[in-house]
Colleague: 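Before we start, here is the structure in question, set down as structure tokens.
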Amino acid sequence: MNAMQWIDQNRDTLVGAADQVWDYAEILYRETQSAALLSGMLEEFGFKVKRGVAGIPTAFVAEYGHGGPVIGIMGEYDALPGLSQDRVPYRKPLQEGGNGHGCGHNLFGVACLGAAVAVKQAIDAGEVKGTVRFYGCPAEEGGSAKVFMVKAGLFKDADLCLTWHPGHLNQVSAANMLATAKVIFRFRGKTAHAAMDPYNGRSALDAVELMNVGANYLREHMISDARIHYIITNGGGAANVVPDFASSMYVVRAPKNSQVMELLERVQNVAKGAALMTGTEVEVEFGTATSNILLNDTIAEVLHDKLEVVTPPQFDAAETEFAAQLAKTFPKGSFETSLMMAGREGKQAAESLKRKVLADNVMPLVHDEMIFPASSDVGDVTWVVPTGQVTTACHAIGTPGHSWQLVAQGGMSIGHKGMLYAGKVLGAAALDFMQKPELLQKARTEFEARTKDSPYVCPIPDGVKPPLP
């Protein structure tokens, strides 16, 4: 039985699990029910499960087989706050202010589970030898769980890792994402009556605002691919009281870890300057961080082959109409933005998609490395083990990321079809690497060549722990 057959035969089980995780919609290290569901399913399929790995209650590793090669498949299952949405093509929260799977991770984890169990079937049938390992990865959205899992050594004996992400297109991910670091700044000053004796106060809020001004002046003097984002997390309690405490959170992004650290140092100096100007003190707390993506052409070629062999799903009239209704709510230019990742090779294929709302073809393999202005903790895994990933069409072309429109599609047949397709592709690719040791060695050789002069350095300092609830 091949991977495709097993996933087809267990379609209802996988779709049911994806919908259950969609219903749970648990965020940032709170994915208790989702992790329990997926780990429990793997246990029932005969996998040995280790829960609470890397000091994270909702992270787990499930393994089946013996000896090498060890093929890892990474799955995610965290949601986002404030994106609760029903399965309809117009805004309708199921719970005001509730959570929703605005990045499709309910599909993400289950497709990877399906791929892992399909490989298990092949091991049982004697078609391949080795070990398949499912990494249950929580808190990708701002929690950097995989980085902590890398630091805990959970990937050190894996020979290769595969993963995917719900997307607009059926395509191998050939983009370098941005490295990132999240830092919290806490300013402490001196309270005073804002009308009677403001001269005795030292405003922590002034320090926060002056820091923001200084950081904004940095934008002209940093590389164009870098980003600085911030929010004020505490600005005081009453307008007539000089606040003695205020805080902000900053996220710095750039194509390389070294560039992030250089820019972050400049931001920290701005914070020190703001404290000096206001007579306050500043405390800096390092939060989380992720590395950029290290691509592997060998794995990309295998994944692209499987995208074509499996063939993408076709969407019916009802699904197309649903997507068309949603498309009317998309921001201007979102369709064109979605096709940016097609690259020069995919220009002709992208043109044909302008007449459609759902992608039903496989995009050409992109050979020019591009920078995608987002970040993922998958990046850190790519620096310690050869890794590849794909996207499959789980939502309409142009669907904004982290949106209610994406949530709606992730809980219905559009998302389900893309999920099952991804599971088959990952399962088939894993079997290829298990059956062909020369292919596995080629991926390893490429990985070693790319990391020889730039070995991995974890972007999270020692002593920093996962930001658990």
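Small disclaimer: the values here were computed from a predicted structure and weren't measured. FYI, the numbering just counts along the sequence from 1.
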Colleague: Is the shortest side-chain N to carboxylate O distance from E63 to K50 below 4.0 Å?
Modeller: no
Colleague: Is it the case that the side chain of N257 and the backbone of P459 share a donor-acceptor pair, with hydrogens and angles ignored and the cut-off at 3.5 Å?
Modeller: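 Such a contact is absent between N257 side chain and P459 backbone.
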Colleague: Would you compute the distance between atom CG of D377 and atom CD of E76 and round it to the nearest 0.5 angstrom?
Modeller: 6.0 Å
Colleague: Return yes if some donor-acceptor pair links the side-chain N/O of S291 with the main-chain N/O of G379 below 3.5 Å, else return no.
Modeller: no
Colleague: To the nearest 0.5 Å, what is the distance between NE2 on H165 and SG on C103?
Modeller: 3.5 Å
Colleague: Locate the shortest heavy-atom distance separating S173 from L295; write the atom from each residue and the value.
Modeller: O-CD2, 4.0 Å
Colleague: So, S258 and E262: side-chain donor and acceptor under 3.5 Å apart, yes or no?
Modeller: no
Colleague: How are the rings of Y77 and F60 set relative to one another: parallel (under 30°), tilted (30 to 60°) or perpendicular (over 60°)?
Modeller: parallel
Colleague: Among side-chain atoms of R11 and H416, is any donor-acceptor pair under 3.5 angstrom?
Modeller: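 Looking only at side-chain atoms, H416 and R11 do not form any donor-acceptor pair under 3.5 Å.
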Colleague: Report the C-alpha separation of R450 and D297 in whole Å, then their side-chain angles, then the decisive distance to 0.1 Å, and conclude whether the salt bridge (charged side-chain N to carboxylate O under 4.0 Å, His left out) test is met.
Modeller: CA-CA 11 Å; R450 292 190 178 215; D297 293 335; 3.1 Å; yes
Colleague: Take L162 and V425, measure what side-chain contact (heavy atoms from CB on, under 4.5 Å) needs, and give me the verdict at the end.
Modeller: CA-CA 10 Å; L162 301 172; V425 169; over 6 Å; no
Colleague: My understanding is that only one of Q33, R30, E31 makes a side-chain hydrogen bond (donor to acceptor under 3.5 Å, both in side chains) with T58; could you say which?
Modeller: E31
Colleague: Among R444, K442, E446, which residue satisfies the side-chain hydrogen bond (donor to acceptor under 3.5 Å, both in side chains) criterion with T298?
Modeller: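 Exactly one pass, corresponding to E446.
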Colleague: Is it true that a side-chain atom of H395 and a backbone atom of G167 form a donor plus acceptor pair closer than 3.5 Å?
Modeller: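 It does hold such a pair.
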Colleague: Hey, would you say the Y64 and F134 ring centroids sit under 6.0 Å apart?
Modeller: no
Colleague: Looking at T382, V378, I293, which one forms a side-chain contact (heavy atoms from CB on, under 4.5 Å) with M177?
Modeller: I293
Colleague: For Q405 and T399, which I'm curious about, is there any donor-acceptor pair between the side chains at under 3.5 Å?
Modeller: no
Colleague: Would you be so kind as to tabulate the donor-acceptor pairs closer than 3.5 Å made by side chains of residues 301-311, with sequence neighbours excluded?
Modeller:
unit_1 : atom_1 : unit_2 : atom_2 : d
K306   : NZ     : D432   : OD2    : 3.2

Colleague: Among I27, V407, N99, L406, whose side-chain contact (heavy atoms from CB on, under 4.5 Å) with L83 holds?
Modeller: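 In the set I27, V407, N99, L406, the residue that makes a side-chain contact (heavy atoms from CB on, under 4.5 Å) with L83 is V407.
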Colleague: Could you list the donor-acceptor pairs under 3.5 angstrom formed by side chains in residues 264-272, with sequence neighbours left out?
Modeller:
unit_1 : atom_1 : unit_2 : atom_2 : d
R266   : NH1    : H221   : O      : 2.9
R266   : NH2    : H221   : O      : 3.3
N269   : ND2    : E265   : O      : 3.4

Colleague: For S247, is there any backbone N or O sitting under 3.5 Å from a side-chain donor or acceptor partner on T233?
Modeller: yes
Colleague: Grab the two heavy atoms, one from L107 and one from G410, that are nearest each other, plus how far apart they are.
Modeller: CD2-O, 3.5 Å
Colleague: Under the 3.5 angstrom rule, does the side chain of T180 hit a backbone N or O of T290 as a donor-acceptor pair?
Modeller: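 A pair under 3.5 Å: no.
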Colleague: Could you check F330 against I397 for side-chain contact (heavy atoms from CB on, under 4.5 Å), going step by step and ending with a plain yes or no?
Modeller: CA-CA 10 Å; F330 296 168; I397 305 168; over 6 Å; no
Colleague: Within this structure, what is the CG-OG1 distance for the pair L426 and T163, rounded to the nearest 0.5 Å?
Modeller: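 So the gap between those two atoms works out to 7.0 Å.
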Colleague: If you apply the rule side-chain contact (heavy atoms from CB on, under 4.5 Å), what do you find for V15 with M419, and how did you get there?
Modeller: CA-CA 9 Å; V15 168; M419 174 191 76; 4.2 Å; yes
Colleague: Just how far is it from atom SG of C137 to atom CE of M74, taken to the nearest 0.5 Å?
Modeller: 6.5 Å
Colleague: Mind running side-chain contact (heavy atoms from CB on, under 4.5 Å) on R133 and V61 for me, showing each step along the way?
Modeller: CA-CA 7 Å; R133 180 183 294 163; V61 175; 3.5 Å; yes
Colleague: State whether a side-chain donor-acceptor pair under 3.5 Å links Y24 with N106.
Modeller: no
Colleague: Within the side chain of T131, is there an N or O that forms a donor-acceptor pair under 3.5 Å with the backbone of V70?
Modeller: no
Colleague: For R51, what residues pass the side chain to side chain donor-acceptor pair (under 3.5 Å) criterion, not counting sequence neighbours?
Modeller: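 S39, E43.
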Colleague: Relative to the ring of F108, is the ring of H105 parallel (under 30°), tilted (30 to 60°) or perpendicular (over 60°)?
Modeller: perpendicular
Colleague: Can you tell me how far the SG atom of C161 sits from the CG atom of N296, to the nearest 0.5 Å?
Modeller: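 Reported to 0.5 Å precision, the distance equals 11.5 Å.
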Colleague: In Å and rounded to the nearest 0.5 Å, what is the CG to NZ distance from L431 to K436?
Modeller: 10.5 Å
Colleague: Does this structure show an ion pair linking D8 with K424, if we count only N-O contacts that are shorter than 4.0 Å?
Modeller: yes
